[in-house]
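Below is one structure, written out as structure tokens; the observations come after it.
Just so it is clear: chains get the letters A, B, ... in the order the sequence lines come, proteins before strands, and each one is counted from 1.
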Amino acid sequence: MNVTAIIDPLNPPQREAVTNTDSHLLVLAGAGSGKTRVLVHRIAWLVQVEGVSPHEILAVTFTNKASREMRERIYALLGSAPRSMWVGTFHGLAHRLLKMHWQEAGLSETFQVLDAEDQLRLIKRVYNNLGVDGDRWPPRQAQWFINGQKDEGLRARHLQQTGDPFATVMLQVYRGYEEACDRAGAVDFGELLLRAHELWLNKPDLLKYYQQRFRHILVDEFQDTNAIQYAWLRMLAGDSGWVTAVGDDDQSIYGWRGARIENIQHFTRDFPGVQTIKLEQNYRSTGVILKAANAVIARNAERLGKNLWTEEDDGEVISLYAGFNEQDEARFIAERIKDWESIGNLRSEVGILYRSNAQSRVLEEALLRLQIPYRIYGGHRFYERAEIKNALAYLRLLINRHDDTAFERVINTPTRGIGDKTLQRLRDTARAAEISLWQAAETLLSELPARAAGAISSFRDLINGLPTEDSGLCLHELAERAITVSGLLDFHSREKGERGQTRVENLGELLNACRGFEPEDHEQSALRQFVDAAALDAGDRQADSDDDAIQLMTLHSAKGLEFPLVFMSGVEENLFPHKMSVEEPGRLEEERRLCYVGITRAMKKLYITFAEARQLYGKENFNPVSRFVRDIPGQLLEEVRLSTGVSRPTSYAKPSGGTNDGTENEFGLGQRVLHHIFGEGMVLNFEGRGAQARVQVNFDNEGAKWLVLQYAKLRAM
DNA sequence: AAGGCAAATGTTTTT
DNA sequence: CATTTGCCTT
């Protein structure tokens with residue numbers, strides 16, 4: 001195989017990052033600087049030039065999407081699929097380890113992965129058992145607490161008892177939750193990492209085996225690693241493994257969920273002789289966009305320091321638009337998109353980004369009005385939908401009758417007359433006798449009232465009567481039987497409104513996924529592997545990528561993507577940076593990095609928009625433009641002038657008829673005005689007529705005020 | 001067991 | 001404001 005294919009498409013620092021094999025490597029890869037390319041080419045280099053066996057390589061990412069992409073690109077470059085290489089997410093690899101060594105890890109062979117929803121349910125049950133008041137201590141807070149501790153590698157027994165009532169309750173819940181998980185053979189996401197770490201900690205022989213095996217460890221998005229992931233990596237590397245960490249401190253936006261940007265510094269400290277390589281040449285954006293991004297991020301104090309540059313031209317300036325409210329902002333965006341389409345561009349080349357999901361609504365409405373197809377990211381993903389989880393629960397019961405999470409989920413779905421009372425009895429019995437709910441149901445059959453007993457025994461017969469893994473049927477046939485015989489399909493189809501139909505469609509989609517599923521190994525049944533894969537992969541948010549649609553998403557989910565045309569919307573103080581983050585400097589820096597991420601998504605043209613007035617949670621807010629916009633040098637920005645005579649949104653329309661005093665002609669909505677005391681501002685709203693006519697103005701320095709027109713002596717500007 | 005109503009609650013999200 | 005949740009009723 002030729003070396004040139006590996007290194008020819010690389011610039012000098014990329015080449016260095018690919019070929020340097022005599023030290024640990026820290027690759028600081030700016031946005032759009034070809035980081036995945038470096039990872040993939042480095043793997044190819046190791047295999048084809050250095051003669052490293054794929055067997056000795058472990059590459060780890062954060063998302064399934066990233067690991068899929070890496071696999072595909074390795075395959076494309078090497079021309080073969082190296083089966084023995086471990087490529088996956090932290091959670092996926094940990095899961096794989098725990099499956100292989102379930103005994104050593106102290107798990108049951110059929111342990112189940114809990115997703116966030118399952119976890120919360122279980123926590124609520126622990127609350128019930130312990131008699132903890134859910135109103136005083138919201139279960140979500142306990143979930144947050146537990147996950148946070150696990151991210152740090154801490155179990156309940158590691159935590160100190162303090163006088164703080166909150167901490168005391170949380171600790172109590174954490175303990176109860178750990179017990180409940182153990183009893184149920186359930187493992188949450190954080191637990192996967194924690195257990196995998198402890199597995200090596202407690203079984204030095206196993207650790208030694210993996211240390212000797214994985215001589216080369218490559219980590220993507222290193223800035224997003226949390227404490228336990230870092231500890232895991234460090235342990236695996238030992239004294240002999242070579243680590244390549246690729247990341248960008250400027251794109252660390254997940255600190256709030258445990259990611260530790262400091263791991264980058266720790267890496268250079270903990271691994272002797274780390275070579276640091278910066279990738280600063282950007283292949284994505286115009287000069288203007290990069291200069292703006294650099295200017296914004298430069299104001300962060302805690303940086304390793306990088307400056308993106310490009311060989312491309314400056315390109316178009318960034319357009320800044322001040323909408324007088326969020327509807328106007330959205331309308332502006334939709335109109336610019338119409339322009340974009342009208343000159344023959346694709347809609348899929350456009351991304352609309354926002355800080356929080358709540359902002360998508362108005363944007364959607366505006367797009368709908370102009371009949372622009374869009375796709376919105378976020379919300380529930382495929383394997384998180386109720387109907388899909390119900391179907392999977394039946395499949396899980398097929399594999400393991402003692403899967404209590406699954407049992408609870410479908411014992412009465414579709415409803416078969418097993419109420420809360422019966423279920424609580426099952427739980428109590430199961431807990432007292434340390435048996436599964438399934439077993440408890442068997443035991444209680446004779447004691448339960450006839451109706452409940454009948455329902456339970458028919459449920460048992462139903463599950464027992466379903467074809468199993470070794471029935472010779474293939475995966476999708478098994479699944480189809482399960483959802484039809486159980487009555488689940490029927491149940492969901494009967495749901496009223498559009499919902500029933502979507503749910504049936506989704507169940508059909510699930511069968512499709514079964515049909516297309518390719519099992520990894522042949523030791524386990526396809527069914528088992530499918531159920532596990534579903535637990536670890538939430539599924540793509542939307543399947544059909546062939547239709548040409550605008551992409552709407554939060555700034556967070558935009559990381560890693562790029563669009564020729566980008567709208568960054570709602571760029572206002574208190575929204576972005578979010579008001580929850582402005583107090584602490586550290587959190588503000590993260591917001592700034594988020595802004596940097598947003599700007600660098602744009603390839604050709606960037607619009608930044610904000611609203612002078614915004615309805616949020618039923619209250620009107622007047623926020624000044626974001627400080628981040630002020631950080632962008634003026635010559636890179638062009639303020640889009642409001643067209644005169646902006647049409648007034650219907651919600652503001654006054655009752656027609658009567659004489660008009662002419663104010664509407666003099667001061668239109670969005671009109672800039674000057675007041676002798678308050679200075680400059682923008683007209684937001686009108687009220688009343690004649691002598692009572694009042695006008696609402698958002699002054700640049702004084703905020704929004706209502707003024708009586710006849711006294712205010714406003715001058716149009 | 002389903003429907004109706006009041007109350008709570010509302011960054012960011014992957015696994 | 002609007003959506004979700006939990007509690008209550010039928």
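- For the OP1/OP2 pair of B:dT9 and a distance below 4.0 Å, the side-chain nitrogens and oxygens of A:Lys619 include no atom meeting the criterion.
- Whole-Å rounding puts the A:Gln141 CD to B:dA8 P distance at 16 Å.
- Rounded to whole Å, the distance from CD on A:Glu365 to P on C:dC1 is 14 Å.
- Nucleic acid contact for A:Asn357: sugar-phosphate only, since backbone atoms but no base atoms lie under 4.0 Å from a heavy atom of the residue.
- Atom CZ of A:Arg195 and atom C1' of B:dT15 are 17 Å apart (whole Å).
- Aromatic stacking of A:Trp256 on B:dT12: satisfied, with centres closer than 5.5 Å and planes within an angle under 30 degrees.
- Candidate nucleotides B:dT12, C:dT3, B:dG10 were compared by shortest atom distance to the side chain of A:Arg361, and C:dT3 ranks first.
- Mapping A:Phe62 and A:Asp135 onto DNA chain B via the closest heavy atom, the residue that lands nearer the 5' end is A:Asp135.
- A donor-acceptor contact shorter than 3.5 Å is absent between the side chain of A:Asn621 and the backbone of A:Asn623.
- Note on A:Phe90: nothing from the nucleic acid sits closer than 4.0 angstrom, heavy atoms only.
- Note on A:Thr415: a side-chain N or O is less than 4.0 Å away from OP1 or OP2 of B:dA2.
- Counting heavy atoms from C-beta on, the side chains of A:Phe407 and A:Phe459 come closer than 4.5 Å.
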Could you go through A:Tyr254 and A:His556, starting from their C-alpha distance and side-chain angles, then the distance that decides it, and tell me whether this counts as ring-ring contact (aromatic ring centres under 6.0 Å, His included)? CA-CA 9 Å; A:Tyr254 287 112; A:His556 281 91; 5.4 Å; yes
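- Counting any heavy atom pair closer than 4.0 Å across all strands shown, A:Glu590 reaches no nucleic acid atom.
- For the P atoms, the distance from B:dT12 to C:dT3 is 15 Å, rounded to whole Å.
- Residue A:Ser557 places at least one side-chain N or O under 4.0 Å from the OP1 or OP2 atom of B:dT13.
- The CG-P distance, from A:Leu423 to B:dA1, rounds to 11 Å in whole Å.
- Residue contacts shown for A:Lys559 are absent, as no nucleic acid heavy atom lies under 4.0 Å away.
- Of the two residues near DNA chain B, A:Leu536 and A:Tyr617, the one whose nearest nucleotide lies more 5' is A:Tyr617.
- Rounded to whole Å, the distance from NZ on A:Lys421 to C1' on B:dA1 is 13 Å.
- Between the C1' atom of C:dT3 and the CG atom of A:Leu616 lies a distance of 14 Å, rounded to the nearest Å.
- Within 4.0 Å (heavy atoms only), A:Gly190 reaches no atom of the nucleic acid at all.
- There is no side-chain donor-acceptor pair under 3.5 Å between A:Tyr127 and A:Arg125.
- Looking only at distances, no side-chain donor or acceptor of A:His578 sits under 3.5 Å from a matching main-chain atom of A:Arg355.
- If you check every strand for non-hydrogen atoms under 4.0 Å, A:Asp224 touches nothing.
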